[in-house]
Structure formats: C-alpha cells, structure tokens
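Below, all heavy atoms of this structure are taken into account, side chains as well, without hydrogens, waters or symmetry copies.
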Amino acid sequence: MKMFGLLYQIILLIILLTPMVARAEIVPKILILHSYSQQSEWTDGIMKGMMSVLPSADDEIKIYTEYLDAQRIPKEESWSIFETYLKAKYRGEKFNVILASDDDILDFLIPRYQNMFPDTPFVFCGINNLDASKFKNHNAFKGISQEIDARGTIELALKLLPDTENFLVISDRTSAGIKTTAKFKKDLKELGQLKQKFHLIDDFTMQELKASLQALGSHDLVLVLRIQKIKGIDERVPTKFAKNITDIAPVPALKVWANENIV
C-alpha cells in the first residue's frame, strides 16, 4: 500500500499543477496502461491498489484502462497495432497523467510517447531493475522501481538449511524474467565465493522442468526467480506453474517474489 500512497501523491501533485481555469472546467482524466492482461493476479493487484487511492466518482475523475497483454502476444506481432489502436481511440483526448505498470508497457512507451501523448506526464510502477540511462532524454517519466533481494533470500535459505549443496534456479525468458535473472547473477557475485553450486534453467518444457525437479537430491533447494512462461504452453498461469514445482520437487522451494502462493 505504501507504493500506491506514493503514486497517489505524485498524481495529486500533477493534477494540482494543472492551471486553475482548466481544473475548474474539466474533470481530470487518467489513462492506465498495463503490460499484462486482466485476470493476471499481479496486474489485478496493481489495479486494485491504484483504484484504492483514486477518487471513485465519475464527476471527480475519469479513468480509462488499456492492457498490452504482452505475456500472451509477442512484441513483434502486436506493439505497432496497439500503438495504432491507442492513437485512434484517444485522438484529441488530453490526459492529466498516464499510469503505466510493469516493464513491457514502459518499453513500449519510451520510443513512442512523443507521437502518442506529447506533454503528458507518466507515472510508472512495477519496473524491474530500472536502467536510469533510459530516461536521460525523457523527463516525462517518474515512478518506482522494484528489485529482488536474491542475496538476502540465499542467505536466509542457507541459514535455515545450512547443509544445502546445490540450488536449482528457475526463471523464464520474458522481458521481466531476463531482468530478474540479471539481478540474481549480480547478487550472486556480491555473495563472494560460495561452496554451494547454482544451476539455472530458464527455457524449458513442462517435461524438462519435471525431470530437473525429480533429479534433485536431499541436499538441494529450488529457488524460483520468475516463472510466467513455459515452452509449449500457451496459458500464462504463474500460480499454477509455481504449484507444479512444489508438487513435484522432493525438496523445499523458495521464491523472490511474494505475488504467487507456491505452497
């Protein structure tokens, strides 16, 4: 909730900075752009948090929402179509602020926003391991970055289970998964020389995942970085995938994110 409280303060400041005459005559408008789809547990949670700090009455504020659905539809197939759609639907609309959640929508907006929503401020959230250099020439964007604490998770795991010899590290190759894996590797280096070994898999079928899990020994642990996509499966059900891990693995599994229940 702290994250959404901060977002609300940023949004309120932007609206208050709108000229007085404009505020008296026009109901503020907010466009919310999500990277993923409705019924995604993560996205629905962010949307719920946003709505909990925004006025609910239509005469106080007008809210529009769109979904990029990046987990289901590859970038090369949909992003140009999504751009055309937004331009056509919101032609002539002036938004006080645009809220953007997660990495894909930010990657979509940065090269396009000047042609789509010039002079409109953006507030983002849910961005993994933010690369500040992206914003060198983009002052319209403000927001919150989130980072995993893989180092802390590993240290806790070894404190609880000091006999651990090997970690099976599971991630995926979604845009967020690639960034999470990069942060994990950085955190691992900062831990220095460890006697434990780490084996990363990030591109696998369900059969291959099952085989990797069943091969684990009694002194092994599973560390889940990100599992939103499995090769050969069209659906994106992170909770189901995580549950599959705990059903199959003969050893404990830990996660670096708290948005999915894996027990």
Side-chain angles (χ1 to χ4, degrees), residues 1-73 78-128 130 134-135 137-146 175-176 259:
M1 185 58 72
K2 288 182 179 178
M3 177 179 76
F4 296 109
L6 179 58
L7 282 174
Y8 176 67
Q9 292 175 31
I10 297 172
I11 296 163
L12 182 62
L13 178 62
I14 290 169
I15 292 174
L16 289 175
L17 290 175
T18 303
M20 188 65 69
V21 173
R23 281 192 278 126
E25 295 176 352
I26 302 173
V27 176
K29 294 180 181 179
I30 291 180
L31 175 61
I32 300 175
L33 298 176
H34 291 293
S35 292
Y36 310 136
S37 63
Q38 285 180 293
Q39 298 181 322
S40 160
E41 183 179 0
W42 175 254
T43 299
D44 286 351
I46 289 178
M47 189 65 184
K48 184 178 179 180
M50 289 178 175
M51 298 307 295
S52 72
V53 296
L54 292 172
S56 57
D58 202 43
D59 58 351
E60 291 182 76
I61 192 168
K62 292 191 179 296
I63 298 173
Y64 306 79
T65 309
E66 302 290 347
Y67 297 84
L68 180 60
D69 205 5
Q71 288 181 351
R72 291 194 181 102
I73 307 172
S78 66
W79 285 22
S80 61
I81 297 172
F82 191 63
E83 178 183 2
T84 301
Y85 162 75
L86 291 178
K87 283 180 178 178
K89 184 172 181 178
Y90 296 110
R91 183 179 290 114
E93 291 281 7
K94 298 293 182 182
F95 295 103
N96 295 78
V97 63
I98 294 176
L99 306 185
S101 80
D102 288 286
D103 298 75
D104 288 285
I105 199 66
L106 193 62
D107 290 341
F108 168 83
L109 284 169
I110 285 176
R112 297 173 172 86
Y113 81 95
Q114 289 178 327
N115 290 325
M116 298 175 66
F117 305 106
D119 305 317
T120 304
F122 294 81
V123 179
F124 60 79
C125 65
I127 306 303
N128 296 277
L130 188 66
K134 282 186 175 183
F135 301 95
N137 300 313
H138 302 282
N139 294 324
F141 293 85
K142 304 293 179 184
I144 301 168
S145 175
Q146 63 186 23
S175 59
N259 57 302

remark   = Separation between OG1 (T65) and CD1 (I32), nearest 0.5 Å, reads 4.5 Å
query = How many angstroms lie between OH in Y64 and CD in E93, if you round to the nearest 0.5 Å?
reply = 4.5 Å
message = If I take atom CD1 from residue I127 and atom OG from residue S101, how far apart are they, to the nearest 0.5 angstrom?
response = 7.5 Å
ask   = Under the 3.5 angstrom rule, does the side chain of D44 hit a backbone N or O of Q39 as a donor-acceptor pair?
value = yes
request  = Please confirm whether the backbone N or O of Q38 pairs with a side-chain atom of T43, one donor and one acceptor, at under 3.5 Å?
outcome  = no
query = So how far is it from S175 OG to I105 CD1, rounded to the nearest 0.5 Å?
reply = 11.0 Å
request  = Count the heavy atoms belonging to other residues, nucleotides or ligands that lie under 6.0 Å from NZ of K94, then report whether that count exceeds 12.
outcome  = no
Inter-residue atom distance I63.CD1 - L54.CG, 0.5 Å rounding = 4.5 Å
task = Spell out, as yes or no, whether a donor-acceptor pair under 3.5 Å connects the side chain of D103 to the backbone of N128.
result = yes
ask   = Taking all non-hydrogen atoms of both residues, which atom of Y36 and which atom of A176 are closest, and how far apart?
value = OH-CB, 4.0 Å
task = Working to the nearest 0.5 Å, report the span between CG of D102 and CG of D107.
result = 10.5 Å
task = Just do the side-chain contact (heavy atoms from CB on, under 4.5 Å) check on M50 and H34 with the steps written out, would you?
result = CA-CA 12 Å; M50 289 178 175; H34 291 293; 4.3 Å; yes
task = Output all residues satisfying salt bridge (Lys or Arg N to Asp or Glu O under 4.0 Å) with D69, sequence neighbours left out; order by chain, then residue number.
result = R72
message = So which atom in K62 and which in V27 form the shortest heavy-atom distance, rounded to 0.1 Å?
response = N-CG1, 4.0 Å
ask   = Between the main-chain N or O of S80 and the side-chain N or O of T84, is there a donor-acceptor pair closer than 3.5 Å?
value = yes
remark   = From the list F82, Y113, F122, F124, ring-ring contact (aromatic ring centres under 6.0 Å, His included) partner of F108 resolves to F82
